[in-house]
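Hydrogens, waters and symmetry mates play no part in the numbers below; they use all other heavy atoms, side chains included. Note that the structure is predicted; figures quoted are calculated from it, not measured.
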Amino acid sequence: MAASKVLTGAHVVLPTGTVPAGRVIVDGTRIAGSAPEGAETVDLSGHWLVPGFVDIHNHGGGGASFTSGTVDDVLKGVHTHRLHGTTTVVASTVTGEMDFLAQRAGLLSELAEQGEIAGIHFEGPFISPCRKGAHSENLLRHPDPADVRKLIDAARGQARMLTLATELPGGIDSVRLLAEHGVIAAIGHTDATYEQTVEAIDAGATVATHLYNAMPALGHRAPGPIAALLEDERITVELINDGTHLHPAAFELAFHHAGADRVALITDAMDAAGFGDGRYMLGPLEVEVKDSVARLVDGGSIAGSTLTQDRAFKRSVTVDGLSVEDTVRALSANPARLLGMYDRIGSLEPGKDADLVVLDEGFGLKGVMRKGEWVVAPD
């Protein structure tokens with residue numbers, strides 16, 4: 001059992017706003033409303049205290065892959081991201097053979113049942129060859145509801161999200177199937193028109209997978225999926241704020257139009273996140289990471305990112321000018337709500353898991369706590 005602690009002196013970011021020189025009480029694994037006798041006091045004056053980050057789209061890190069690695073590899077990747085403040089992570093796959101994806105789902109579901117990950121996100125194989133990005137084209141297929149159901153079943157209740165090109169044959173029926181099973185239907189790697197995207201939203205899709213990336217550009221006569229996804233209040237838009245995937249003006253446009261309650265900042269990280277430049281495999285495709293930018297060796301398409309959520313937080317506040325409170329919504333509260341876990345994570349409130357991040361005055365990471373235990377102890 002974790003020792004009780006009273007964290008004092010920091011700017012504490014709560015759902016109702018920021019409390020200067022506030023305090024958060026940790027009793028065991030949870031946040032408490034009052035301090036138990038003998039609790040340790042930790043002075044965090046001059047720092048920020050925010051909820052642990054929640055990443056709903058992540059393929060690995062620390063040199064380890066969620067898409068093809070062993071159990072130890074997955075745990076290594078999870079730990080790497082915890083060191084950077086992501087206390088809750090959904091493990092994302094990439095396009096592969098159906099039997100292989102079902103096998104991966106079995107392995108990942110066990111880790112979800114153990115509480116190491118928050119579930120599984122299937123990115124592919126039901127995506128458009130026109131917008132395949134870093135996915136192997138010869139393994140793509142139409143979203144036949146029977147195939148979608150196979151992956152849901154293989155995940156044993158741990159499937160959280162599936163990205164698909166809803167304009168493909170079977171797409172709309174698959175969206176309805178996902179909604180019926182409580183799995184997020186995410187529109188992405190799509191060549192859909194505006195009208196086709198609206199149809200998918202009406203069928204039950206609720207997330208835009210890395211908005212702007214792997215979809216038609218916004219046009220003034222053919223607005224495409226971007227306009228439909230930004231304008232609909234039912235959609236949460238994923239954004240990769242690494243300075244590579246999005247121009248700052250595109251990031252600002254999406255955040256401003258969707259609003260702070262409809263954005264989920266993600267990493268879309270691959271193995272090199274928190275590790276370094278070099279050659280890696282993303283599914284069956286070889287990736288070269290140079291100057292922290294990941295691209296396919298064959299063709300040069302961007303292949304995920306090397307982003308960690310602490311960097312996304314700092315960039316959002318210091319480069320893009322977002323408020324700390326809005327950044328917390330996008331990194332913690334909104335993705336927690338999407339996962340149906342906001343009763344446990346996503347904010348610093350009594351009764352919730354003691355998942356939190358300590359940041360210095362310049363928003364550099366100084367400490368990470370998960371379920372009452374320091375992953376990174378503040379200086």
Side-chain angles (χ1 to χ4, degrees), residues 1-55 79 81-89 241 260-261 263-265 308-337 341-379:
M1 178 66 71
S4 299
K5 307 172 185 68
V6 180
L7 312 180
T8 65
H11 302 292
V12 179
V13 182
L14 302 175
T16 52
T18 298
V19 179
R23 71 174 190 166
V24 172
I25 300 166
V26 176
D27 188 7
T29 63
R30 296 185 180 275
I31 297 171
S34 59
E37 187 175 345
E40 173 193 4
T41 298
V42 181
D43 185 4
L44 296 175
S45 298
H47 292 72
W48 292 84
L49 199 56
V50 301
F53 308 140
V54 181
D55 193 356
H79 182 67
H81 285 282
R82 286 179 186 167
L83 293 173
H84 292 274
T86 299
T87 51
T88 301
V89 63
N241 195 19
D261 291 330
V263 173
L265 294 181
T308 52
Q309 293 288 52
D310 57 331
R311 286 169 46 209
F313 193 110
K314 184 172 183 177
R315 180 180 175 86
S316 296
V317 176
T318 63
V319 176
D320 300 298
L322 298 185
S323 70
V324 174
E325 294 82 4
D326 283 351
T327 304
V328 166
R329 290 186 183 95
L331 275 169
S332 303
N334 298 344
R337 286 194 181 94
M341 298 176 69
Y342 190 66
D343 60 327
R344 290 171 42 206
I345 60 172
S347 66
L348 301 178
E349 297 177 274
K352 293 192 175 184
D353 289 350
D355 293 355
L356 53 88
V357 176
V358 182
L359 303 169
D360 64 20
E361 291 180 345
F363 303 101
L365 186 137
K366 299 299 289 184
V368 181
M369 178 182 287
R370 183 174 185 270
K371 294 188 176 180
E373 296 279 4
W374 290 113
V375 180
V376 177
D379 296 334

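Distance check, rounded to the nearest 0.5 Å: CZ of Arg82 to CG of Asp355 gives 9.0 Å. Distance check, rounded to the nearest 0.5 Å: NZ of Lys371 to NZ of Lys352 gives 14.5 Å. If you take CD on Gln309 and OG on Ser316, they are separated by 9.0 Å, rounding to the nearest 0.5 Å. Here Asp310 contributes atom CG and His81 contributes atom NE2; the two are 10.0 Å apart, rounded to the nearest 0.5 Å. Here Lys366 contributes atom NZ and Leu44 contributes atom CG; the two are 11.0 Å apart, rounded to the nearest 0.5 Å. Taking CZ from Arg370 and OG1 from Thr86, the interatomic distance works out to 11.0 Å, rounded to the nearest 0.5 Å.
Of all non-hydrogen atoms in Ser332 and Val54, the two that sit nearest each other are O-CG2, 3.8 Å. Here the shortest heavy-atom pairing between Leu49 and Ala10 reads CB-CB, 4.0 Å. The two atoms that bring Leu348 and Val50 nearest to each other are CD1-C, 3.9 Å, heavy atoms only. Residues Ile25 and Ala35 approach most closely at CD1-N, 3.4 Å, considering heavy atoms. In terms of heavy-atom proximity, Leu265 sits nearest to Asn241 at CD2-CB, 4.4 Å. Residues Val263 and Asn334 share a closest heavy-atom pair of O-ND2, 2.8 Å.
Within the 4.5 Å cutoff, the side chain of Val12 has no heavy atoms near those of the Arg23 side chain. Counting only heavy atoms from C-beta outward, the side chains of Asp353 and Arg30 approach each other to under 4.5 Å. Counting only heavy atoms from C-beta outward, the side chains of Val375 and Met369 never approach each other to under 4.5 Å. At least one side-chain heavy atom of Pro15 sits under 4.5 Å from a side-chain heavy atom of Glu349. Residues Val19 and Leu14 form a side-chain contact, since some pair of their non-hydrogen atoms from C-beta on lies under 4.5 Å apart. Contact annotation: the side chain of Ile345 never approaches that of Thr87 to less than 4.5 Å [non-hydrogen atoms, C-beta and beyond]. Contact check for Val358 versus Trp374: side-chain heavy atoms found under the 4.5 Å cut-off. No side-chain heavy atom of Leu365 sits less than 4.5 Å from a side-chain heavy atom of Phe313.
Within the 3.5 Å criterion, the main-chain N or O of Ser45 finds a donor-acceptor partner in the side chain of Asp43. Checked by atom type and distance alone, the side chain of Lys5 pairs as donor or acceptor with a backbone atom of Gly372 at under 3.5 Å.
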